[in-house]
K.L.:
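The structure under discussion is supplied below as structure tokens; questions concerning it will follow.
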Amino acid sequence: MTHENHENLSMMDAVTTKYGKTTFVTVSKTLAIILLFIFFICLVATGLLVYSFTSTCPKNETLVADITSSEKSEISLCDNLGLSEGISKVNSLQGDFEEFETTTPVIVERPTPKPSTVKDLGLRLSKDMVPDSYKVHLIPFIQEDNFTFHGEEIILVNVSEASTNVTLHSVGLSIVAVNVMNINNESISVKDVRSLERKQFIVIDLDGVVEAGQQYQIYIKFKGVLNDMLQGFYRSSYVEQNVTKWIAATQFQATDARRAFPCFDEPAFKAKFQINIARLKNMTAISNMPKIDTTPNVKDLPDYVWDQFEESLPMSTYLVAFVVSDFQNISKGSFSVWARPSALSQARFALEIAPLIFKYYEKFFGIEYPLPKVDLVAIPDFSAGAMENWGLITCREPLLLYEEGISSTVSKQRIAHVIAHEIAHQWFGNLVTPEWWDDLWLNEGFATYAEFLGAHAVNPKWKNMDLLVNELHESLVLDALKSSHPISVEVNDPDEVNDIFDRISYSKSACIIRMIKDFVGDKVFVSGLQKYLKNRMYKNAVQDDLWQSLTEETLVSKMLPENTTIKEIMDTWTLQTGYPVLTATVDVNGDLTIIQKRYLLNRDTNETDQSLWWVPVTVLDSADTRHHAWMEKERQIILKGILPRDTSWFLVNVHQTGYYRVNYAEENWKSLTNQLQGNGHRLINPRNRAQMIDDALNLAFAGYLNYDVALNLTLYLPNEREYVPWKAALTNFQFLHNMFARSGHFDKFKVYVISLLKDFYLELTFKESDTDEPTRVLTRMEIVEYACRLGLKDCVLQAVQYFQNWRNSANPDKDNLINLNVRQTVYCTAIGDGGQEEWDFAWNRYLNANVATDKEIILTALACSKEIWILSRYLEWSITENSGIRKHDTARVFALISENPVGHDLVYRFVKTNWQRIRKYLGPSSAALSSIIKSATEKFNTEEEVDDFKSFFERHRDQFGIAMRSAQQSIEQGEANTRWMKNNFASVRKWLETAKLI
């Protein structure tokens, strides 16, 4: 029985009817008349009392509180005021804002409001009224017995069409007072304030009219709760010297500014913001802009002061941010990094690289950063990885803080990528903002692509542009599903908006941007981007604005087919779901025939799909000659005599800059396989070696290619030493691992993969050299981890020994000699090989760790236990307050346990049994729900499993919300896995039984 049901039963028990003997009472006719007369007198008296109470309500304010009604409900004057609790302390608010309110005329007394209506605006606000500026005052009470905030604001709006109401967004806020006035300070009587809950609107009905062409001020007084759902204006905490310290922070993207203050919460409604925060004297407040004044005039709150911040440039509501904390900072010029005091030393790396990345982007984008400062803040609890708030970038601790000697090389690289990503947003997203969320990719795609450029500028040895290939491979997997979505996708309600923050909007978008750069050339690409940014700075944009700027630049360079625009080409990539697979065959004359068709896991659907793309085709032959051609949204092209007759092999999609897969006739696959043997693979770029592995195994998975051909391609891997091809191979082996793991033939798969990587493992081992390149470090992490996971004896023994030496050290929280870059593998292997003692030891290290990247590694390893009860307890703790696991790590725990061979079924059962509890703990609109659904179902490969989840999904469909698309994708993936088991398992097993390395 779920927790929710248990509560319902408890409530029912308190009012259960008891049946027993009935007693009747009789009265005379005279007595009945007297009683009726008394009842009538009581009714009249009650009416008079209600009228008297109503007439004593304040005449200078329209009061509405706790607006949570349905669209049809209406809130009358003084109803549910909700201000009695704690009123003695909160009374000071009126004094706090006295100076603020002197310019705000009071609302004249009005009659009791009558029901009113408002036209249905859909789920988008009308543009008949747009904000010009906000002046917001907020007092957050960051105390364990009072996590609330109170606020007042004045919004200056421009009206383009006359209206009798003002409609804007608000969620979870109690509206205390409303006033509307023109620029002459003349009030317009407010008739009613209503909540349209489904649309997240509040509607201010007026007795008068706001006229077109005029400006008006909207005054709103409100209060809210500093929630623990990591959205809107929320609370976070950390423990230092056994004392819990509380902070207040914001996360508004995509639609949560409305949880902090009523606003026009859509990206097109850019406005200037002047923020004022009241805070305790021993704390600090920061916001998007620099602080310009601090005044100690918070009436009746002597421990508080007001911080006033400079007015911002025009920006969207989702980019507004403020943090109230006792954090400290280190600074360099206009750059500051903030963290809890005991973690401040870990901020040095971020402060070192942020100015370098800014300098690089200013040159690349051709526009100087327009704000006077940049703050980067490490937040203990943060739902997103990081957030690009203009001038105030917020991040999870492990994505910003780096400690030399404790944090790994991959952590350092990841931090560089995260910082580069968020800084890129200062131009793409903040300076120029998409008109609506259907063009989210203009934000996230460019920031994802630019992060590789920015990280490369910090350290070219990381070979970041090679790593973008792995980003492409991940997006191709998701985009092969029918339930994928176009890059530019229609969205309306908040759940739909939050649901598209996925690999399509990030990775696929980044890859098509790289594809554009490749076919127009670097110079045209950069000049086109700069023109786009300069044309739309401080404004909003749609993707056609970008296409126009790029097309104008290509007209000079003539890089496109005649009379062709970038829009014509790119609409086929952004407005269609999926991508093509090109089948390339060559005849004896060197004529190359290429046919395109949409790639889908379900090939039956492929037969009826008529999608076509403009495809930039690049071809490389064995003589190292490169050729270019276009498929102009056509099913087939023939390139006459493009290849020499004596070419031994050819490749399509050079360096895999095009967003598509490539299939060949079996003869060319065999030629490529032969070329890879020995040292021949070195003649092919590592990106293309990764491409061949990824394409071949995915083509085989979907039935386009015989599995024998695809697996033969992997036989060369004992000679491979580059990271990118190995990463592609291990990622694809993971699928086969999942399909074989619960069968009686897993040993065959394990023996084959160990035979591929054993020599390389022995070459790498657990130790590294000071001369190792960063990519070799990354390769070691991958190879050693998989060797131990497959049970390679030497790997397991070494890992367990390293772990035991650590356990036996005098001070394990300080004395840890394990190689930083393989610690996760060591911990995981030893915990999996051990029992409760090993787990509890690691758990204590997790609780004691002060470095977030270290905690993250231990959190991962704790999921490696083979004890079902330990894993069950770990899942329980992940959805339990104050267990030691932060809420933003809940989905991570589910995903990690799902990767454990003994944990996947456990996670699915746990999700089904505790679905309501999980939703309540995380919040029904939490993006973590999508991740949990995916983790719990990704290994399904039987009809029984898929049907069971379908049934669960249908029973709870109305509760999936933001996780709806993930559920549909999980079903589709599970069905594809089931087909794979029927069609391919036997043939792959047979190949593994007879496989011999060449």
Side-chain angles (χ1 to χ4, degrees), residues 515 518-519 561 579-599 603 606-607 610-716 719 725 987 991 998:
M515 183 171 70
D518 189 64
F519 68 70
Y579 57 90
V581 52
L582 305 189
T583 301
T585 55
V586 64
D587 64 18
V588 293
N589 297 316
D591 296 345
L592 184 64
T593 299
I594 301 178
I595 301 171
Q596 68 160 302
K597 203 158 196 177
R598 183 181 173 186
Y599 175 89
R603 292 197 68 194
N606 184 292
E607 297 306 317
Q610 299 302 311
S611 302
L612 289 171
W613 288 261
W614 271 77
V615 184
V617 178
T618 53
V619 183
L620 182 73
D621 61 36
S622 59
D624 201 29
T625 304
R626 186 168 172 171
H627 313 271
H628 303 264
W630 278 98
M631 296 193 77
E632 300 181 4
K633 201 177 180 182
E634 49 198 331
R635 184 68 63 195
Q636 175 180 306
I637 60 172
I638 300 176
L639 304 176
K640 292 288 187 179
I642 191 174
L643 294 175
R645 294 190 180 187
D646 60 350
T647 189
S648 55
W649 53 264
F650 67 94
L651 275 172
V652 176
N653 201 5
V654 180
H655 295 178
Q656 204 172 14
T657 56
Y659 190 81
Y660 51 87
R661 295 198 185 279
V662 184
N663 197 7
Y664 307 102
E666 192 167 316
E667 181 181 352
N668 194 56
W669 277 117
K670 290 180 178 178
S671 297
L672 289 169
T673 299
N674 292 333
Q675 178 63 41
L676 292 174
Q677 299 305 318
N679 293 323
H681 65 283
R682 296 179 182 175
L683 297 178
I684 299 175
N685 186 279
R687 299 182 199 179
N688 277 118
R689 303 201 300 263
Q691 174 211 3
M692 287 190 287
I693 292 170
D694 191 68
D695 278 355
L697 289 171
N698 278 280
L699 289 166
F701 172 46
Y704 293 86
L705 183 65
N706 186 291
Y707 248 110
D708 287 6
V709 175
L711 289 169
N712 283 339
L713 199 71
T714 67
L715 291 168
Y716 93 98
N719 297 320
S987 62
W991 187 93
I998 299 175

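In this text, all values refer to a predicted model and were calculated from it rather than measured experimentally.
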K.L.:
For the CD atom of Q596 and the OG1 atom of T583, what is their distance to the nearest 0.5 Å?
P.N.:
10.5 Å

K.L.:
For the CG atom of L697 and the CG atom of L711, what is their distance to the nearest 0.5 Å?
P.N.:
6.0 Å

K.L.:
Answer yes or no: does atom CD of E634 have more than 12 heavy-atom neighbours from other residues, nucleotides or ligands under 6.0 Å?
P.N.:
yes

K.L.:
Looking at P686 and P725, what are the two nearest heavy atoms and their distance?
P.N.:
O-CG, 3.5 Å

K.L.:
Atom CG in L643, atom CG in N668: separation rounded to 0.5 Å?
P.N.:
9.0 Å

K.L.:
State, with a plain yes or no, whether a side-chain heavy atom of N688 is found less than 4.5 Å away from one of V654.
P.N.:
yes

K.L.:
Could you tell me if the side chain of S622 sits less than 4.5 Å from the side chain of F650, heavy atoms only?
P.N.:
no

K.L.:
For N653 and Q656, which I'm curious about, is there any donor-acceptor pair between the side chains at under 3.5 Å?
P.N.:
no

K.L.:
So do D587 and T593 actually touch side chain to side chain, heavy atoms under 4.5 Å?
P.N.:
no

K.L.:
Looking at every heavy atom in both W991 and D708, which two are closest together, and how far apart are they?
P.N.:
CD1-OD1, 3.4 Å

K.L.:
Can you say whether the rings of Y664 and W669 are parallel (under 30°), tilted (30 to 60°) or perpendicular (over 60°)?
P.N.:
perpendicular

K.L.:
If you round to the nearest 0.5 Å, how far is CG of D624 from CG of L683?
P.N.:
8.0 Å

K.L.:
With side chains defined as the heavy atoms from C-beta onward, is the minimum distance between R635 and K597 less than 4.5 Å?
P.N.:
yes

K.L.:
Work out which heavy atom in A700 is nearest to a heavy atom in A710; give both atom names and the distance.
P.N.:
CB-CB, 3.8 Å

K.L.:
Compare all side-chain heavy atoms of H627 with those of L592 and state whether any distance is below 4.5 angstrom.
P.N.:
no

K.L.:
Nearest 0.5 Å, what's the CG-CG distance between L713 and L715?
P.N.:
8.5 Å

K.L.:
Taking atom CD1 of I594 and atom CD1 of I637, what is their separation to the nearest 0.5 Å?
P.N.:
4.5 Å

K.L.:
When you look at T657 and F519, which way does the side-chain contact (heavy atoms from CB on, under 4.5 Å) test go after all the steps?
P.N.:
CA-CA 9 Å; T657 56; F519 68 70; over 6 Å; no

K.L.:
Which heavy atom of I684 sits nearest a heavy atom of R689, and at what distance?
P.N.:
O-NH1, 2.7 Å

K.L.:
Begin with the C-alpha distance, continue with both residues' side-chain angles, and end with the deciding distance and a verdict on side-chain contact (heavy atoms from CB on, under 4.5 Å) for D694 and R661.
P.N.:
CA-CA 9 Å; D694 191 68; R661 295 198 185 279; 2.8 Å; yes

K.L.:
Indicate yes or no: at least one non-hydrogen side-chain atom of L651 is less than 4.5 angstrom from one of M692.
P.N.:
yes

K.L.:
Do you know which two heavy atoms are closest between Q677 and Y716, and how far apart they sit?
P.N.:
NE2-CB, 3.6 Å

K.L.:
Does the side chain of N679 reach to within under 4.5 Å of the side chain of N719, using non-hydrogen atoms?
P.N.:
no

K.L.:
Do the side chains of M631 and W613 get nearer than 4.5 Å, heavy atoms only?
P.N.:
no

K.L.:
If you apply the rule salt bridge (Lys or Arg N to Asp or Glu O under 4.0 Å), what do you find for D518 with R687, and how did you get there?
P.N.:
CA-CA 15 Å; D518 189 64; R687 299 182 199 179; over 6 Å; no

K.L.:
Measure across Y660 and P580 and return the closest heavy-atom pair with its distance rounded to 0.1 Å.
P.N.:
CB-O, 3.2 Å

